[in-house]
Protein chains: 2
Amino acid sequence: MVATSLDTVEKKNPKEEIMKAALRLFTEKGYFNTSIADIRQLADVSTGTIYHYFKNKEAIAEALFEEVVHSLEDSIREIRKLNNAFERLRAIVELFFELTENEPEIMRFIVVVRHQEFLGNRPSLSLSPPFQKLTQIMEEGIRAGELRRMDPIVASGVFYGTVARMIQLRLEGVLEKRLDWYLLDTWTAIWRALSP
Amino acid sequence: MVATSLDTVEKKNPKEEIMKAALRLFTEKGYFNTSIADIRQLADVSTGTIYHYFKNKEAIAEALFEEVVHSLEDSIREIRKLNNAFERLRAIVELFFELTENEPEIMRFIVVVRHQEFLGNRPSLSLSPPFQKLTQIMEEGIRAGELRRMDPIVASGVFYGTVARMIQLRLEGVLEKRLDWYLLDTWTAIWRALSP
DNA sequence: CGCACTAGATCGAGCATTCAATCGAAATCT
DNA sequence: AGATTTCGATTGAATGCTCGATCTAGTGCG
C-alpha cells in the first residue's frame, strides 16, 4: 500500500469504496433494505458520485456479481490443473472454507444472497461458469474411474450442497468453531459419497 | 372440496386466498418485488380485506412461515416414529422430493426464500424446530451405531445440504427429469457418507 | 338493525434518480 | 512563472414516483 498523503486524509478510489460499502450492506441487510443513502454514507461519497460510476443501484450489484464470479472462475481454473479428482475437490473445499473465514462478505454474497430477486434475467449462479466447471470435474473423475459411477449432476449436488450448507451454518453463527475444525469430517463424508 | 354455490361464483375464504396469492408471488418474484396491489389482484380481494385479516405485509409472510414450519414439524414428527436412522432419513428425502414436485411453491419458500430479509429477528429456518429435530435424529443414529461416528452437525449438513441443493436445481429448471428420477443416486450418496 | 366485512380513494413516507452548479488538477497560453 | 482555460469528477438539494397503510363510506347477511 502506497500512502500518497497522510493516512487520515488518504485518497481512495471512489468506485472501489462504493463497491466495498455495497457488498457489506447488501450481504448484511439485503439488497432491498439497503438504500443509496446507506451506501453513500458508508462509502463516504455523494449521491452524484455513485451515479457517476454506476448507471443505477442494480448496476452496483451487477458489478459485484461479475467480480465475484470472475475471481471464483480464476481460482477454479487453477485448481483444475491438479491432476486427479480427489485433489481437485479437496482443494475446492479448502478454498471455500478458507474464503468463508477470511472474506465472509464475499462468501455470503455467493452462497446466501438471492441474486435473482434484483438481477433480473441473469443466469443463476448455479449455472454460471464456476459451477459448470464443477460438474465437468465430476464427469472427468467418473470417466477416469476416480469417482463412483453416478449422475454427475448428483455428484456435484452432493458436493456443493454439503459445502454450501456448512458455510451457511457458519455464517449464521450456528457453528461455534472455525470451519477448518469441521474440514476433516466434512471431507471424509463427501469423499465416501463420491469415491468408487 | 365443498362447493357451497355454483363453481363460477364460488365463495372462497379470503384469508386463504390472500395467503395462497402471497405465497405464489413471494416465491416467484420475491417479497420486495411483490406489492399489496399484486396480492390484492391475484387474490381477488380489496385492499381493505387484506388489512382486515393481516396487520401489514410482513404479517402475511409471518403467517406463511408459521404454517410451513408447523406442517414440516408434523411431518418430521411422524417420521421420527420410524425405528431406525436409515428409514427415517430415507423418508425425509422422499418427503422433500415429493413435496418439491407437488407443492413447488411451498418448497421454494422453505429452501430458497431468504426469510431474514423481511422477517426481522425471527430465528433463521436453519435453527427452527424441524431442523433441530434433524440433528437429533443424527445424534440418536450415531449413538445407536447406525450412523458413522462423526460430528452430528456435519452429518445433518451433508444430509440437508445435498437434499436442498438437488431441490434448488430442480426448482431452477436445471434438472430435466423429475426429482424421483434422481432419488436412488442421491440416497446412495448420502447413505455412503453417513453409514458406518 | 347491527355488525363483520369490503371497497377504493387518498395520504404521505421513503426512495431512486436527476441535474445544475462547483471544484480542482492538469494542460495551454502569455 | 503565473494566468487562464478546460473538462472530468464531485456535490447535494430537488424531483417525482411507488407503495404500504389508513380512512370513510358503503353492503349484505342474520
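So you know, we letter chains A, B, ... as the sequences are listed, proteins then strands, and number each from 1. Keep in mind that what you see is a predicted model, and the values were worked out from it rather than measured.
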Task: Residue T47(B), side-chain atoms from C-beta onward, closest of dA9(C), dT18(C), dT10(D) - done: dA9(C)

- [ ] Examine dT6(C): is either OP1 or OP2 under 4.0 Å from a nitrogen or oxygen in the side chain of Y53(B)? Give yes or no.
- [x] yes

- [ ] Starting at atom CG of D38(B), determine the distance to atom P of dT18(D), rounded to an integer number of angstrom.
- [x] 13 Å

Provide a list of protein-nucleic acid N or O atom pairs under 3.5 angstrom, restricted to nucleotides 12-15 of chain C.
none

Open item on the list: Check this for me: does any side-chain nitrogen of one of E28(B) and R108(B) sit under 4.0 Å from a carboxylate oxygen of the other?
Closed with: no

Task: Length of the CG-C1' vector between D44(A) and dG12(D), whole Å - done: 14 Å

Open item on the list: Taking the ring centre of each residue, are W187(A) and F86(A) less than 6.0 Å apart?
Closed with: yes

- [ ] May I ask you to decide whether E66(A) forms a salt bridge with R122(A), counting only side-chain N to carboxylate O separations under 4.0 Å?
- [x] yes

Open item on the list: In whole Å, I'd like the distance from the CD1 atom of I18(A) to the C1' atom of dA9(D).
Closed with: 12 Å

Task: Gap between atoms CZ and P, on F118(B) and dG20(D) respectively (whole Å) - done: 13 Å

Open item on the list: If I take atom CD1 in residue I50(B) and atom C1' in nucleotide dA21(D), what distance separates them, rounded to the nearest angstrom?
Closed with: 11 Å

- [ ] Find the distance R40(B):CZ to dA7(C):C1' and express it as a whole number of Å.
- [x] 9 Å

Open item on the list: Just to verify, what does F118(A) make a ring pair (Phe, Tyr, Trp, His ring centres under 6.0 Å) with, not counting sequence neighbours?
Closed with: Y31(A)

TODO: Salt-bridge test for E101(A) and R170(A): reply yes if a basic N is under 4.0 Å from a carboxylate O, no otherwise.
DONE: yes

Open item on the list: Just to be sure I understand the rule, does F54(B) reach a base, reach only the sugar-phosphate, or reach nothing, if contact means heavy atoms closer than 4.0 Å?
Closed with: nothing

- [ ] Could you tell me whether the phosphate oxygens of dT6(C), OP1 or OP2, come under 4.0 Å of any side-chain nitrogen or oxygen in S46(B)?
- [x] no

TODO: Please check the phosphate of dC5(C) (OP1 and OP2 only) for any side-chain N or O of H52(B) closer than 4.0 Å.
DONE: yes

Open item on the list: Check E16(A) with K20(A), please: is the shortest side-chain N to carboxylate O separation under 4.0 Å?
Closed with: no

Task: Candidate nucleotides dT10(D), dA9(C), dA7(C), ranked by approach to the side chain of T49(B) - the nearest - done: dA7(C)

TODO: Would you mind checking if R80(B) and E140(B) are paired as a salt bridge, meaning a charged N to carboxylate O distance below 4.0 Å?
DONE: yes

Task: Rounded interatomic separation in angstrom, taking OH from Y51(B) and P from dA25(D) - done: 21 Å

